[in-house]
Amino acid sequence: MLKTLIIIPAYNEEGSIEKVVNNLTEKFPQYDYLIINDGSTDQTPNICNRNGYHVVNLVINMGIGGAVQTGYRYARDNDYDIAVQIDGDGQHDVSYLGEMIRQIEEGHADIVIGSRFLGKEGFQSTKIRRVGINFLSLLGKILTGVCVKDITSGYRVVNARFIRIFAVDYPADYPEPEAMVIAAVHGGRIMEYPVVMREREAGESSITMKKSVYYMCKVTLAMIIRRISFGIRR
């Protein structure tokens with residue numbers, strides 16, 4: 001079995017973090033996990049400390065990209081073969097984790113993305129967000145030739161090569177689509193695996209309606225600039 005770390009970024013997830021960790025350790029005690037407490041202002045750090053969870057407490061809020069990259073750096077520095085990203089809000093069903101990891105272990109892919117759009121079951125996100133996701137998926141295909149239907153999914157498994165890449169170079173803000181451009185331009189074999197996602201049970205999404213336009217503009221530009229800059233460096 002390859003040495004595996006599960007990275008759990010968490011910002012103000014007091015209503016869900018216990019359920020996420022307990023479910024994970026009950027079903028997959030063979031894997032290590034690390035919560036990245038991203039400067040939470042609620043009871044998340046107290047809950048983690050009280051339960052003796054494995055946690056890194058960031059002094060300030062670094063955003064999802066900074067939190068996830070902290071996990072990748074830990075994985076790199078401690079010689080993990082596989083790293084997994086799951087959200088701390090309980091939306092990602094860990095029942096699929098074993099099969100997603102197996103794709104990496106057997107060498108079928110470098111990156112496996114849990115996709116809610118392949119089986120089209122469970123929570124499919126809001127209609128307006130699906131429009132945005134479809135646009136970013138199309139843009140990613142135009143830029144890289146690789147089609148990832150659920151390009152904003154934060155449910156991911158990567159191998160040791162991409163642990164090292166993401167530990168050094170990972171987008172800071174709204175990172176998932178841009179991270180896929182990074183993976184594609186580095187020649188990563190990207191696979192989507194059908195999963196069922198749940199609707200958020202507690203807390204609030206970092207992407208509100210007011211931020212949606214900003215999100216789309218920023219991510220679109222970031223993806224394009226990332227692709228152009230890689231071409232220049234080559």
Side-chain angles (χ1 to χ4, degrees), residues 9 63-66 68-69 72 83-87 89 91-93 96 99-100 103-104 108-159 161-162 165-166 169-200 205-234:
I64 182 65
V68 170
Q69 188 173 32
Y72 280 124
V84 179
Q85 293 175 229
I86 64 169
D87 288 349
D89 60 12
Q91 287 187 292
H92 297 157
D93 186 346
Y96 301 93
E99 282 300 307
M100 291 173 67
Q103 306 306 314
I104 302 290
H108 300 310
D110 300 307
I111 298 175
V112 179
I113 303 171
S115 175
R116 77 201 97 174
F117 300 140
L118 294 185
K120 296 184 179 180
E121 297 179 20
F123 180 60
Q124 298 285 293
S125 192
T126 63
K127 184 176 181 179
I128 190 168
R129 286 192 180 184
R130 289 199 303 272
V131 171
I133 292 168
N134 289 337
F135 168 78
L136 294 175
S137 176
L138 176 61
L139 178 62
K141 185 176 182 180
I142 291 170
L143 294 174
T144 68
V146 178
C147 180
V148 178
K149 291 183 179 297
D150 201 350
I151 198 168
T152 65
S153 171
Y155 195 179
R156 303 180 173 196
V157 184
V158 311
N159 64 11
R161 179 179 175 232
F162 279 93
I165 290 172
F166 289 153
D169 185 11
Y170 198 78
D173 201 14
Y174 310 127
E176 292 86 2
E178 190 181 347
M180 284 302 96
V181 174
I182 294 172
V185 297
H186 278 90
R189 296 170 299 152
I190 302 169
M191 171 190 292
E192 289 189 270
Y193 190 87
V195 301
V196 175
M197 292 189 187
R198 308 183 186 98
E199 192 167 2
R200 174 186 281 271
S205 172
S206 61
I207 304 176
T208 63
M209 286 297 294
K210 291 182 179 180
K211 291 182 179 179
S212 295
V213 174
Y214 168 76
Y215 169 86
M216 288 301 298
C217 294
K218 183 184 185 303
V219 173
T220 297
L221 286 173
M223 291 171 70
I224 293 171
I225 292 169
R226 176 69 68 170
R227 183 65 185 91
I228 292 171
S229 67
F230 184 84
I232 292 173
R233 288 199 304 269
R234 293 189 67 184

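Side chains included, hydrogens not; waters and symmetry mates left out as well; all remaining heavy atoms used.
For the atom pair CG of Leu143 and CD1 of Ile224, the computed distance is 6.0 Å after rounding to the nearest 0.5 Å. Atom CD1 of Ile182 is separated from atom OG1 of Thr144 by 12.0 Å, given to the nearest 0.5 angstrom. With values rounded to the nearest 0.5 angstrom, Asp173 atom CG is found 10.5 Å from Ile64 atom CD1. Distance CZ/Arg189 to NE2/His108: 9.5 Å, rounded to 0.5 Å. Put simply, NZ on Lys149 and CZ on Arg116 are 13.5 Å apart, with the number rounded to the nearest 0.5 Å. With rounding to the nearest 0.5 angstrom, the CZ atom of Arg226 is 12.0 Å from the CE atom of Met180.
In terms of heavy-atom proximity, Tyr155 sits nearest to Asp93 at OH-O, 2.8 Å. Here the closest non-hydrogen pair linking Ala184 and Val146 is CB-CG2, 4.0 Å. Between Thr152 and Pro177, the shortest heavy-atom contact is CG2-CG, 4.0 Å. Contact record, Gly114 with Val195: C-CG2, 3.6 Å, taken as the closest heavy-atom pair. The shortest heavy-atom contact between Cys147 and Lys141 is CB-CD, 3.9 Å. Across Met216 and Gly132, no two heavy atoms sit closer than the pair CE-O, 3.8 Å.
At a threshold of 4.5 Å between non-hydrogen side-chain atoms, the residues Ile151 and Met223 count as touching. Val157 is not listed as a side-chain neighbour of Ile111, based on a closest heavy-atom distance of 4.5 Å or more. Contact annotation: the side chain of Leu136 approaches that of Thr220 to within less than 4.5 Å [non-hydrogen atoms, C-beta and beyond]. Val158 places none of its side-chain heavy atoms less than 4.5 Å from the side chain of Ile104. Side-chain contact check for Pro175 versus Val68: every heavy-atom pair is 4.5 Å or farther apart.
Using cut-offs of 30° and 60° on the angle between ring planes, the pair Phe166 and Phe162 is tilted. Ring geometry for Tyr215 against Tyr174 counts as perpendicular: the plane angle is over 60°, on a 0 to 90° scale with 30° as the lower cut.
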Exercise. Could you please spell out the steps behind the side chain to side chain contact (heavy atoms under 4.5 Å, CB included) verdict for Phe117 and Glu192?
Key: CA-CA 9 Å; Phe117 300 140; Glu192 289 189 270; 6.0 Å; no

Quiz item: Hey, mind stepping through Tyr72 and Gln85 against side-chain hydrogen bond (donor to acceptor under 3.5 Å, both in side chains) and telling me if it holds?
Solution: CA-CA 9 Å; Tyr72 280 124; Gln85 293 175 229; 2.6 Å; yes

Practice problem: Could you walk me through whether Val185 and Arg227 pass side chain to side chain contact (heavy atoms under 4.5 Å, CB included), step by step? | Solution: CA-CA 7 Å; Val185 297; Arg227 183 65 185 91; 3.5 Å; yes

Exercise. Give the C-alpha distance, both sets of side-chain angles, the deciding distance and a yes or no for side chain to side chain contact (heavy atoms under 4.5 Å, CB included) between Met197 and Ser153.
Key: CA-CA 10 Å; Met197 292 189 187; Ser153 171; 3.4 Å; yes

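A donor-acceptor pair under 3.5 Å is formed between the side chain of Asp89 and the backbone N or O of Gln91. Checking side-chain atoms of His92 against main-chain N and O of Asp87 turns up a donor-acceptor pair under 3.5 Å. The backbone N or O of Ile113 lies less than 3.5 Å from no partner atom in the side chain of Arg156, so there is not a single donor-acceptor pair.
Salt-bridge annotation for Asp150 and Arg130: absent, with no side-chain N of the basic residue lying under 4.0 Å from a carboxylate O of the acidic one.
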